[in-house]
Protein chains: 2
Amino acid sequence: MSTPAIPRRLPRAVREQQMLDAAVRVFSRRGYHAASMDEIAEQAGISKPMVYAYLGAKEELFVACLHREGTRLMEAVARIVEPDLPVDEQLWRGLRAFFAFVGAHRDGWSVLYRQARGQEPFAAEVAAMRGRLVEIVAGLLGRAVEAVGHRAARPADLTAMAYALVGVAESLADWVVEHTDEDPEVTATRMMNFVWLGADDLLRGRSWRPVS
Amino acid sequence: MSTPAIPRRLPRAVREQQMLDAAVRVFSRRGYHAASMDEIAEQAGISKPMVYAYLGAKEELFVACLHREGTRLMEAVARIVEPDLPVDEQLWRGLRAFFAFVGAHRDGWSVLYRQARGQEPFAAEVAAMRGRLVEIVAGLLGRAVEAVGHRAARPADLTAMAYALVGVAESLADWVVEHTDEDPEVTATRMMNFVWLGADDLLRGRSWRPVS
DNA sequence: CCGTAATGTTACGCGTGAGTAAGTTACCGT
DNA sequence: ACGGTAACTTACTCACGCGTAACATTACGG
C-alpha cells in the first residue's frame, strides 16, 4: 500500500518544460538582466547546472522562451482563422483567439513584448516576427481592397495601416493583462468596433457589434 | 590672434545636459542593463566620477533621462493643442506635434518606450504616465460624445477606446523611427484617416484627408 | 594675488551572478 | 544483479561593472 512515490528523477522533456515555465515567469517578473539563473533554477525545482545542461546559457534560454511563446501564440491564432472568409470575419476570429491567448498567458506576452523588444540581442528577432505579421495583415487588407473593386492601393499605405492595426492589438493586450476580470472576447469586440468603424461613427453611437 | 581656446572646464548645467544626451544615446542603443556607466561617461567626454557627482547612480541617471524626455514630449504636444477646438482638429494637431517630436528624438522615444516599459523599477512610472495620458484622451472623447448629443458612454468604453488610440500612436511612432525618409506629417495624416474613418470606409476609398 | 570651491582625474574595492568541474545517485535494459 | 547512462548536486572560479576614496587643477570673488 505504498503510494508509487512520484519519482524524484524526471525525463528530460518534462524538465525542459518546467524550466521554460519557470524562466518565462521569472523573466517576466524581473526583466532579462535582473532575472538570475539561480532563481530560475530554484523556481523550476532543480539545480542550476541542469538548466545549463538542457537549455544552455542565459541568452539561449531566453531565446527558447521567446520561441516557445511566439510559436504558441501564432498557432493559437492560425488554428482559428480560415482563409476565404470576408476580411472583417477573419479579423474578428483572429482577434478573439489573440486576446484569449494573451489573457491565458500573461507572462508569455510580457516576455515577448515588454522584455524582448528592448533588450538588444533579441529586439531584432522580435522586430522580424512582428514585421512578418504586419505584412500578412497588409496582404489581407490588399485583397480586401481589390475585392471591393478599387484600384490597388500603394503598398506603403497598406503597410502603415497594418502597423496601426497591430499597434491597437498590442495596446489592448495590455488592457487585457490589466483588467483580469474582463472577458477577452469583450476586448476583441471593442477592437473590432474601433478599427472597423472608426472614431467618427463610434462617437455618433454606431457599432459594428454591441460590446456585451 | 589666439582663438579663445574653448575652456576645458564647463559649468555644471552644461555638463549635465551633455551627460543626459550621452546617457539617452547609450541607453537606447544597449538597453538599461547592458549600458555601462563607463561608456556613458566616455560618450559624454568626461570621467565616470563626474557622472556620479552630478546625476547620481545608474538608476537615478536613468530616471533623469526618462524625466527629461517625457517632459520634452509632453511640452511639445501641449504647446500645440488649444482647448475649445473640435475633437478631430485637436487630435490632428496633437498627432502632428507628437510624430514630429518622435522623428526628431528617436533615442529619447526608444528609452521612454522600448526600455523603460520592461525594466522593473521604471515600468510602473511609465505606466502611470501612460495612464494619465489615456485618461486625458478618454476625457476628450467623453466631451466629444456629449457634444454630439448622445447619452454619456460608459467610462470603461471610453477608456478602452483611448487605450486603442494611444496604441495606434505608439505603433506608428515605430513606423516613424524606421522610415527616416517619410515626413512625420504624412504619418499623422495616415493615423487620422485610420482612426477617424475606420477600416471599413478606408477600404472603400474614402479618406479624412489625402495622405500627401 | 591668493584661498577656496567647483571642476576634474586615476586607480581601486568589492558584490553579484554567469558559467563549470567533479562527483553522486537513481533508473533501466539485458 | 549489474553495468552504463541519464538525471542530479555541491561547491567552486572568475570577469564584469557599479560605485568611491583620494588626489590634482583651474576659475574667480574678495
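Every value quoted in this text rests on a predicted model; they were computed, and no experiment measured them.
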Value in whole Å for how far the [atom2] atom of [N] lies from [atom1] of [X]:
X	N	atom1	atom2	value
A/Glu42	D/dT9	CD	P	12 Å
A/Asp38	D/dT10	CG	C1'	13 Å
B/Glu39	D/dC16	CD	C1'	14 Å
A/Met37	C/dG19	CE	P	6 Å
A/Ile40	C/dG17	CD1	P	12 Å
A/Leu55	D/dA7	CG	P	12 Å
A/Phe27	C/dG17	CZ	P	14 Å

State which of C/dG19, C/dT7, D/dT10 makes the closest approach to the side chain of B/Arg12. C/dT7
The side chain of A/Tyr52 lies closest to which of these nucleotides: D/dC18, C/dT20, C/dG8?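 Per side-chain heavy atoms of A/Tyr52, the pick is C/dT20.
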Assess A/Lys58 against A/Tyr32: is NZ or CZ under 6.0 Å from the centre of the six-membered ring, and within 45 degrees of the ring's axis? yes
With a 4.0 Å cut-off on heavy atoms, is [X] in touch with a base, just the backbone sugar-phosphate, or nothing at all?
X	answer
B/Met50	base
B/Ala35	sugar-phosphate
B/Pro49	base

Test: [X] and [Y] ion pair at under 4.0 Å:
X	Y	result
A/Arg130	A/Glu170	yes
B/Asp107	B/Arg29	no
B/Glu135	B/Arg132	no

Which residue lies more 5' along DNA chain C, comparing B/Ser47 with A/Tyr32 via nearest heavy atoms: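 Checking each residue's closest nucleotide, the 5'-ward one belongs to B/Ser47.
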Contacts of B/Lys48 and A/His33 projected onto DNA chain C by closest heavy atom; the upstream (5') one is B/Lys48
For a quick check, tell me whether the side chain of B/Arg9 and the base of D/dT25 share a donor-acceptor pair closer than 3.5 Å.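 Side chain to base: pair present.
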Going by modelled atom types, is there a donor-acceptor pair between the base of C/dG19 and the side chain of A/Lys58 at under 3.5 Å? no
Classify the ring geometry of A/Phe62 against A/Phe122: parallel below 30°, tilted from 30° to 60°, perpendicular beyond 60°. tilted
Within the structure, does a side-chain N or O atom of B/Tyr54 lie under 4.0 Å from either OP1 or OP2 of C/dT7?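 Result: yes.
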